[in-house]
Number of protein chains: 2
Amino acid sequence: MSRADQPPHGDGPATGRRERARLRREEIILIAAGMFAERGYRGTSLADVAARAGISEPGLLHHFGNKAGLLLAVIERRDLDSEAFAMELLGMEPADRLRALPEFARRNRHRTELAKLFTVLVAESLEPDAPGHGHFVARYRAMRAIVADTIRSAQRAGLTRAGLDPEAKAAEIIATLDGLQTQWLLDPEAVDIVAAVEAYARTLERDLTGS
Amino acid sequence: MSRADQPPHGDGPATGRRERARLRREEIILIAAGMFAERGYRGTSLADVAARAGISEPGLLHHFGNKAGLLLAVIERRDLDSEAFAMELLGMEPADRLRALPEFARRNRHRTELAKLFTVLVAESLEPDAPGHGHFVARYRAMRAIVADTIRSAQRAGLTRAGLDPEAKAAEIIATLDGLQTQWLLDPEAVDIVAAVEAYARTLERDLTGS
DNA sequence: CCTACCGATCGGTAGG
DNA sequence: CCTACCGATCGGTAGG
């Protein structure tokens, strides 16, 4: 087949069409993310997403193949935000990273939807055959590795006490932040997420320095 | 009305029929709990539960009214276990309660299903209009209150340092245990829940005593 | 990306 | 008049 050939009209309009499709995709992903956050992946139908996006169900499936494809697109999109966060954190001195936690909590406070999306999708991905399972397993392993590396470099710099297991502490830190987030999402009137993370940052500072 | 009267044939058969119904209900609740744990509330159909229980859907609904009624029955049943746990913990001296945490993790290790059920249902109950929302809000408030009370009494006994906010610490402790559980459920090969909780109990002991 | 559909399954209810 | 269900089917919706 002549698959390697460029289409004869591959100048302006073709690129514009692809660009338009990409923007439409992006738009649908944001709509789907909002609905997954509120009702979960299982609680959201393709028809719901299509209606909100002003598209037919077959049109929706043209972009994402099937419902799991839409989920993976949402997860990947959400990961771009997380990566930006990780890069920002890794750009700081290890000693400053701890102090940055409440700032991120403060930022997330106004993006409830992102936090909710994450909590809901992880719970729907616990089973090995869930569409997002492999992704979240890899994501948590990477998160633990990054935090453990930070702890190790802080130990080498003498900022953190040596008798502390970096891997175990990394799991514990991520667990606490996740758990506080869940309590806040469930009951925002009873749990002040910024104050809770600030208090935990102080706990953690004492714990890490051993003071 | 003569509602206070016993039925004229209120010897064996009548009581036996009610008792049989109660046992059938209990049996169905356990089946539904297992399915909710694996596929979530939204991912489980009444037809799935009915088929596994060897009952028709109308038969199922006769017992629970509607799907949300089944969920609430599962949650209440799960709470009986939690209450037993709480009573066991509250029966100990405050100083021993911390040491009991790894033992409970060890016990839960063989009851993955219960842990999974809890994680999945909480995530499906974040929205205020979710059927289990009110229940989980109340449950977390009660849990925080119990842990905070334990901390306060340990402070009065001089076992725990005074400069520590009992409510904030309670939220933090529950958050860490929940979060570790989620990481373990997602990736049991990478996260050893017993070791993680043991390590956290040590962290917590240093934190509480201020040593 | 559309209209026009499919096999099946959804939560819930009818009469008996 | 009660209980504990049954087989059949309701109007709509699921993913594709």
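Here is the naming used below: chain letters follow the sequence lines, and residue numbers restart at 1 for every chain. Excluded from the calculations below are hydrogen atoms, water molecules and symmetry mates; all remaining heavy atoms, backbone and side chain alike, are included.
Applying the side chain to side chain donor-acceptor pair (under 3.5 Å) definition to pairs two or more places apart or across chains, those involving residues 30-39 of chain B are R39(B)-D48(B). Counting only residues at least two apart or on different chains, no side chain to side chain donor-acceptor pair (under 3.5 Å) pair has a member in residues 58-68 of chain B.
Taking the side chain to side chain donor-acceptor pair (under 3.5 Å) definition, one finds that T182(A) meets it with nothing, sequence neighbours left out. In this view, E26(B) and R77(B) satisfy the side chain to side chain donor-acceptor pair (under 3.5 Å) rule, not counting sequence neighbours. With sequence neighbours left out, A86(A) forms a side-chain contact (heavy atoms from CB on, under 4.5 Å) with no residue at all. When the side chain to side chain donor-acceptor pair (under 3.5 Å) test is applied to R25(B), no partner is found at least two apart in sequence or on another chain. Residues that satisfy the side chain to side chain donor-acceptor pair (under 3.5 Å) test with E93(B), not counting sequence neighbours, are absent from this structure.
Put simply, CD on E57(B) is 15 Å from P on dC10(D), counting in whole angstrom units.
Under the 30°/60° scheme for interplanar angles, the aromatic rings of Y41(A) and F36(A) are found to stand perpendicular.
Nucleotides dA4(D) and dG16(C) are separated by 22 Å at their P atoms, to the nearest Å. Using atom P as the reference point in both dA8(C) and dG12(D), the two lie 22 Å apart (nearest Å). Between dT9(D) and dG11(C), the two C1' atoms lie 13 Å apart (nearest whole Å).
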(request) Determine, step by step, whether D207(B) and K169(B) satisfy the salt bridge (Lys or Arg N to Asp or Glu O under 4.0 Å) criterion, reporting the C-alpha distance in whole Å, the side-chain angles of both residues, the deciding distance to 0.1 Å, and the verdict. (result) CA-CA 10 Å; D207(B) 184 22; K169(B) 188 54 66 180; 2.5 Å; yes

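Summarising the local packing, CZ of R52(B) is surrounded by 12 or fewer heavy atoms from other residues, nucleotides or ligands at distances under 6.0 Å.
Remark: D165(A) does not engage R202(B) in a salt bridge, criterion side-chain N to carboxylate O under 4.0 Å. E127(B) and K116(A) are joined by a salt bridge, as a carboxylate oxygen and a charged side-chain nitrogen come within less than 4.0 angstrom of each other.
Remark: nothing in residues 65-78 of chain A comes within less than 4.0 Å of DNA chain C through any heavy atom. In the region residues 32-50 of chain A, proximity to DNA chain C at under 4.0 angstrom, judged on heavy atoms, holds for none of the residues.
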Using a 3.5 Å cut-off and no angle test, enumerate the donor-acceptor pairs between side-chain atoms of residues 95-103 of chain A and protein atoms at least two apart in sequence or in another chain.
from    : atom 1 : to      : atom 2 : distance (Å)
R97(A)  : NE     : L89(A)  : O      : 3.1
R97(A)  : NE     : M92(A)  : O      : 3.4
R97(A)  : NH1    : T150(A) : OG1    : 2.8
R97(A)  : NH2    : L90(A)  : O      : 3.3
R97(A)  : NH2    : M92(A)  : O      : 3.3
R99(A)  : NH2    : A95(A)  : O      : 2.9
E103(A) : OE1    : R106(A) : NH1    : 3.1

List every contact pair, protein side and nucleotides 2-5 of chain D side both N or O, where the distance is under 3.5 Å.
from   : atom 1 : to     : atom 2 : distance (Å)
dC5(D) : OP2    : H63(B) : NE2    : 3.4

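Every stem involving DNA chain C, taken as at least 3 paired positions in a row under the Watson-Crick or G-U wobble test at 3.5 Å, would be listed here, but there are none.
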